[in-house]
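Below is one structure, written out as structure tokens; comments come after it.
Just so you know, ligand 1 is whichever comes first in the structure, and atom 1 is the first atom listed for that ligand. Only this structure's heavy atoms are used, side chains among them; waters, hydrogens and symmetry mates stay out.
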Amino acid sequence: MSRKIIHCDCDCFYAAVEMRDDPSLVGRPLAVGGKPDERGVVATCNYEARAFGVRSAMSTAHALRLCPHLLLLPPDFTRYRAASRQILAIYQEYTALVEPLSLDEAYLDVTAVDRCRGSATLMAQEIRSRIHAEVGITASAGIAPNKFVAKVASDWRKPNGQFVVPPQEVDRFVAELPVKKIFGVGKVTAEHLLRLGVETCGDLRGWGLADLTREFGSFGAKLHRLCRGIDDRPVAPDRERKSLSVETTYTRDLPDLEACVDALPALVEQFSRRMARLHDGETVHKVFVKLRFSDFTRTTAECVNPRPGPETWIKLLTEGYRRRALPVRLLGVGVRFAAATAPDPQLSLFAGLVPHDDGRP
Ligand code: DCP
Ligand code: MG
């Protein structure tokens with residue numbers, strides 16, 4: 001039987017919270033991000049700023065060149081987290097099967113829900129109206145039989161819209177999609193596919209499983225299924241985040257250790273931004289650096305360190321590099337979190353004495 005999955009994604013989330021809290025900002029181009037003189041980047045911007053070409057992850061300096069009267073605000077995660085929790089509580093009134101992906105994005109499996117006469121389309125409509133009424137921002141949604149298609153569909157009618165892909169239309173919908181829409185297909189894989197003459201998921205269907213496995217290793221089997229709109233991943237509620245990392249595949253292999261060390265700061269900076277955005281109070285336990293060499297072998301060097309500094313990353317990189325000492329096609333940096341342990345019963349003795357609040361709403 002086919003499932004009913006909703007992917008909900010708030011519109012220009014950080015900027016929307018800022019406009020809600022200061023209505024004088026509405027209608028003016030606005031970005032949330034770091035300062036231009038501190039090599040800051042845009043975390044997000046409202047749709048007025050997007051009209052000037054401003055985008056997430058762009059340097060703030062560049063954004064200001066595109067839009068000189070752009071208003072720039074520093075991020076305030078306390079208010080973003082509060083809005084995110086409120087939205088999550090709305091989702092949870094519909095189903096326990098809610099899987100948050102970030103502060104502003106979640107999958108809901110509503111297959112067995114009988115609200116709204118069992119219509120996922122109406123549920124998405126109602127959820128979006130409630131987010132607007134109760135949280136004061138707008139969200140868009142995609143409704144489909146699986147996660148992959150629901151996520152793509154939630155972008156289709158942004159902002160403040162929704163798009164349904166019923167089971168019988170999945171095949172046609174996915175055939176038209178550029179391969180870049182497949183999760184895991186980054187710039188390098190997309191270029192690799194383009195060299196093979198593949199631009200859309202439909203083009204990819206001409207390739208057999210054996211050929212895709214030869215070209216892309218174990219990822220080939222995933223491509224073979226996803227390009228046909230097949231995605232059986234379940235919606236996994238309260239999936240505990242075990243690690244957080246970023247990685248880059250380089251267009252040209254980094255020839256030696258020195259080149260890798262040079263590439264490291266940009267990666268660590270990208271990691272720090274991701275950490276600021278997604279980290280929700282878990283305790284960092286280990287740090288790791290991951291390498292994939294030109295012969296596709298991979299290795300990970302890691303150590304226990306709750307507060308990694310630049311020297312830690314370089315030490316791990318050097319250690320990992322020396323294991324093979326070949327040109328490097330991919331570098332990754334990240335942390336693993338300590339496993340959440342049951343609260344110490346001793347502490348409950350003091351429960352009335354310490355504030356529950358840990359600074360977050
Ligand atoms: N974000 C960030 N850096 C990025 C991308 C996003 O800090 N490179 C933050 C800011 C966003 C939030 O995460 O508000 C949610 O990311 P989305 O990709 O969903 O972007 P928005 O919600 O801002 O816009 P959209 O309307 O396109 O969903
Ligand atoms: Mg969003």
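Residue Y80 does not touch ligand 1, judged by heavy-atom distances below 4.0 Å. Only the backbone of C10 comes within contact range of ligand 1, with a heavy atom under 4.0 Å; no side-chain atom does. Contact annotation for K158 and ligand 1: only side-chain heavy atoms (C-beta onward) come within less than 4.0 Å of the ligand. At a heavy-atom cutoff of 4.0 Å, ligand 1 is contacted by the side chain of R50 but not by its backbone.
V152 pairs in a side chain to side chain contact (heavy atoms under 4.5 Å, CB included) with only one of the listed residues (F173, F163, F183), which is F173. Partner H7 forms a side chain to side chain contact (heavy atoms under 4.5 Å, CB included) with one of E99, Q162, K151 and no other, that one being K151.
Seen from the ring of Y250, R252 does not count as a face-on cation partner, given the 6.0 Å and 45° thresholds.
What sits closest to atom 12 (C) of ligand 1 on the protein, heavy atoms only, is Y14 CE2, 3.9 Å. In terms of protein heavy atoms, atom 13 (O) of ligand 1 is closest to R277 CD, 3.5 Å. With respect to atom 4 (C) of ligand 1, the closest heavy atom belonging to the protein is A43 O, 3.7 Å.
The neighbour count for R322 CZ, taken as heavy atoms of other residues, nucleotides or ligands under 6.0 Å away, does not exceed 12. Within 6.0 Å of the CZ atom in R233, the count of heavy atoms belonging to other residues, nucleotides or ligands exceeds 12. Remark: E191 CD is packed, more than 12 non-hydrogen atoms of other residues, nucleotides or ligands lying under 6.0 Å away. Around atom CZ of R39, no more than 12 heavy atoms belonging to other residues, nucleotides or ligands sit under 6.0 Å away. Within 6.0 Å of CZ on R323 lie more than 12 heavy atoms contributed by other residues, nucleotides or ligands. The local environment of CD in E105 is crowded, with over 12 non-hydrogen atoms from other residues, nucleotides or ligands closer than 6.0 Å.
Near Y47, with a cut-off below 4.0 Å to any heavy atom, the atoms of ligand 1 are 25 (P), 26 (O), 27 (O). Remark: ligand 1 atoms within the under-4.0 Å shell around heavy atoms of C12 are 21 (P), 22 (O), 23 (O), 24 (O), 25 (P), 26 (O).
Inside a 4.0 Å radius of atom 24 (O) of ligand 1 there is at least one protein heavy atom.
Considering OG1 of T121 and CD of Q125, their distance stands at 8.5 Å, rounded to 0.5 Å.
Checked for salt-bridge contact, R79 and E18 meet the test: a charged N lies under 4.0 Å from a carboxylate O.
Of the candidates D104, V17, N46, it is D104 that places a heavy atom closest to atom 17 (P) of ligand 1.
Residue contacts to the Mg ion (ligand 2): C10 brings an N, O or S atom closer than 2.8 Å. Within the coordination shell of the Mg ion (ligand 2), defined by N, O or S atoms under 2.8 Å, D11 is absent. None of the N, O or S atoms belonging to E105 lies under 2.8 Å away from the Mg ion (ligand 2).
Considering backbone and side-chain atoms alike, T44 places an N or O below 3.5 Å from some N or O of ligand 1. The shortest N or O to N or O distance between D11 and ligand 1 is not below 3.5 Å.
Looking at D9 and the Mg ion (ligand 2) together, the shortest N, O or S contact belongs to OD1.
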